[in-house]
Amino acid sequence: MSPAALETARNKDGLRRVVIEPLSRVEGHGKVTLLMDEDGHVQQARLHIVEFRAFEKFIQGRPYWEVPVMVQRLCGICPVSHHLAASKALDQVVGAKQLTPTAEKIRRLMHYGQILQSHALHFFHLSSPDLLFGFDSDVARRNIVGVAAAYPDVALQGVLLRKYGQEVIRHTAGKRIHGTGSVPGGVNKNLTVAERDELLRDIYQIVGWSRDAVRLVRQLFEASLEEYRAFGSFRAHTLSLVRADGALDLYHGGLRARDADNRRIFDHVDYSRYWDQISEEVKDWSYMKFPFLRSLGPEDGWYRVGPLTRVTRCDFIPTPLADRERREFLAFDEGRAALATLGFHWARMIEMLHAAEAIKDLLHDDDLLGRELMATGERQARGVGVIEAPRGTLIHHYRVYENDQVARANLIVSTTHNNQAMNRAIREVARRYLDGRTLTEGLLNHIEVAVRAFDPCLSCATHAMGKMPLSVQLVDADGTLVDTLVRG
Amino acid sequence: MTEQRAPVLVLAVGNPSRGDDALGPLLAEMVETAALPGVEVLTEFQLQVENSLDIEGRERVIFVDAGVGTHAPFEVREATPAADFLHTSHALSPEAVLATYLQIKGESPPPATILCVRGESFELGEGLSPDAAAHLQAAWPKLASLCAAGVAETRA
């Protein structure tokens with residue numbers, strides 16, 4: 001049975017149900033349900049993510065100038081992405097068609113800091129335990145402390161890379177969290193010489209560690225090539241921003257969609273009317289919508305976003321070390337690593353290297369110290385901002401009343417774009433690893449490894465103590481609880 | 001790390017826009033307003049690996065967070081390093097922050113206390129629930145006394 005067919009079982013009578021809820025080390029509420037027959041064959045596999053839609057209500061009625069700050073409270077993991085996407089949308093509302101050089105470069109610096117810290121966190125803290133120890137290794141060891149004990153240099157670099165990214169954010173946004181640096185029409189602070197020099201002090205080390213991280217992922221691929229090549233992999237259309245010359249650009253660009261063979265679907269499309277290209281489908285079994293490319297329809301038009309898409313679908317990366325690594329990645333294993341779901345990790349580290357190089361270049365640009373911070377223009381009623389957030393394309397869309405209150409908000413986050421792609425990945429893993437086998441924690445972790453490769457992140461569930469235990473429940477066909485495994 | 005750090009760090013956790021999750025940040029604001037000598041305050045949405053570097057050079061760390069199903073109005077306990085990772089998502093527990101410190105620094109972390117204030121509702125855009133507001137008022141004197149005791153330890 002193909003992974004695509006596993007979306008809905010033909011006959012649910014007599015099937016037993018396995019629930020993995022919530023997914024550990026995945027932000028927000030998520031669970032996976034598997035329906036298995038008496039022989040242990042997987043008949044249905046679904047990833048359910050409880051998309052939080054109340055954020056639109058949270059924003060409506062607020063003065064538009066508050067929005068870039070308040071949207072940071074939607075997500076504790078990538079607040080800067082929301083901060084910048086909202087600012088870009090509201091640039092249009094205040095008529096700022098062209099930011100000042102200082103404003104654009106400060107925002108870019110902030111964004112690269114976010115990419116650096118987010119990618120470092122994901123790889124070193126969330127994924128490296130699986131990759132370094134094995135997907136079904138001792139669960140007690142499969143965490144950052146286990147990594148620190150076995151690979152102390154790797155763990156320390158992960159922490160310091162993350163810390164450096166946070167410092168970039170602090171200097172550009174004003175604070176580590178709840179920053180206020182980016183505002184509609186520009187920024188409200190430049191970089192001081194002291195701040196620039198402080199960041200310059202460590203940037204060459206950061207570039208070096210980022211390069212080492214790319215090599216570490218390559219070594220992991222080389223060590224487990226057969227498994228990595230096939231793990232949760234599938235063919236997919238892709239969507240990303242690219243610069244006008246086709247370069248990777250995580251802050252701004254036009255929309256590019258390619259098919260699974262990298263052939264053009266559309267290119268350099270102005271995102272201010274994204275709805276001409278993208279629509280969303282509702283399925284009765286999921287709270288989260290399923291976006292698709294309008295030209296291909298809901299059945300075939302689903303697509304994948306994020307680091308793997310961006311690195312493999314751009315024409316080049318505009319920093320030399322990252323571009324060299326991109327070319328090696330594309331050539332590795334006759335191009336198959338670039339198609340693999342676990343290729344996300346390699347691509348993510350290439351982007352981290354690019355972010356480090358871009359930070360280095362910006363820190364040598366005196367525009368960061370400039371005093372022209374704001375641009376204005378003719379007031380508009382609507383604005384759309386799109387940015388490549390760490391996990392993929394992020395869309396903010398606002399309509400604003402004449403009295404400055406937000407009338408309507410629509411946000412499409414990267415995890416929503418990847419909804420169908422993540423479902424494909426878990427079905428492929430379920431078919432390959434779980435089908436016909438006795439389920440163990442290690443085998444179920446394979447499902448989580450596939451989901452974690454995408455690094456899904458929702459507007460956060462609260463982290464409060466005791467809020468998120470992980471339980472795996474095995475329930476038989478008549479709903480009786482057969483077994484429970486609780487972690488944490 | 002050569003910079004001089006305040007001996008007591010209050011590390012408050014929570015999202016101010018998620019109902020009772022604001023308990024941590026609100027208590028952090030109260031400490032800041034009180035301007036307690038020898039006490040530094042940091043607020044985070046959630047604890048992360050780099051917080052292991054924030055606790056370096058401290059004599060006492062006080063983690064302040066909202067709790068679900070914990071004792072009302074609050075509970076206080078000492079925290080020790082533990083690889084306690086799997087019940088959370090992207091976030092770390094205070095024990096895991098201490099364990100990360102132990103591993104990457106190769107030395108015991110500073111002594112740490114957890115002040116966990118019970119919350120009831122955590123929805124986006126909500127204010128503090130009435131119960132949580134009462135818990136906040138009950139917790140503030142305790143937090144102030146923990147800070148004072150931490151500073152006194154330093155001087156002893």
Side-chain angles (χ1 to χ4, degrees), chain A residues 22-28 30 52 54-55 57-58 70 72-77 79 117 120-122 124-126 129 139-149 152 155-156 158-160 162-163 165-166 175-178 457 459-470 486-488, chain B residues 13-25 42-54 63 65-70 75 81-96 98-106 114 116-119 121-126:
Chain A
L23 299 168
S24 65
R25 287 181 276 151
V26 173
E27 190 55 39
F52 191 83
F55 48 59
K57 257 189 181 168
F58 179 59
M70 64 184 299
Q72 295 176 88
R73 296 181 180 183
L74 300 174
C75 177
I77 295 299
Q117 63 89 9
L121 175 71
H122 182 267
F124 289 100
H125 176 49
L126 302 178
V139 65
R141 189 184 184 213
R142 217 189 299 137
N143 55 55
I144 188 67
V145 166
V147 172
L156 181 58
V159 172
L160 293 174
R162 163 95 177 165
K163 178 81 173 174
Q166 296 286 67
K175 293 191 272 185
R176 283 208 302 206
I177 61 169
H178 308 162
C457 178
S459 45
C460 301
T462 181
H463 67 282
M465 292 178 184
K467 186 79 172 171
M468 292 191 69
L470 171 69
V486 179
R487 293 186 191 169
Chain B
V13 189
N15 183 337
S17 293
R18 284 193 178 271
D20 296 348
D21 207 26
L23 282 164
L42 286 176
T43 306
E44 300 280 13
F45 274 149
Q46 45 217 358
L47 295 171
Q48 261 312 334
V49 287
E50 69 274 11
N51 293 125
S52 61
L53 302 179
D54 293 323
F63 294 98
D65 198 0
V68 177
T70 50
E75 58 186 48
D84 178 20
F85 288 94
L86 296 174
H87 73 289
T88 57
S89 55
H90 278 63
L92 266 62
S93 67
E95 291 86 353
L98 300 176
T100 305
Y101 180 96
L102 177 64
Q103 286 294 343
I104 65 174
K105 303 300 293 184
I114 299 173
C116 183
V117 186
R118 180 171 169 135
S121 178
F122 294 83
E123 295 306 312
L124 184 65
E126 280 188 355

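In what follows, chains are A, B, ... by sequence order, proteins preceding strands, each numbered from 1.
- Lys105(B) pairs by the salt bridge (Lys or Arg N to Asp or Glu O under 4.0 Å) definition with Glu56(B), not counting sequence neighbours.
- With sequence neighbours excluded, the residues that form a side chain to side chain contact (heavy atoms under 4.5 Å, CB included) with Glu75(B) are Thr70(B), His71(B), Arg77(B), Cys116(B).
- Contact annotation for Asn51(B): only side-chain heavy atoms (C-beta onward) come within less than 4.5 Å of a heavy atom of chain A.
- Rounding to the nearest 0.5 Å places CG of Asn15(B) at 8.5 Å from CD of Gln46(B).
- Of the atoms belonging to Pro81(B), not a single heavy atom falls under 4.5 Å from chain A.
- Residue Leu23(B): no heavy atom, backbone or side chain, is found under 4.5 Å from chain A.
- Considering only heavy atoms from C-beta on, Leu160(A) comes within 4.5 Å of Leu53(B) through its side chain.
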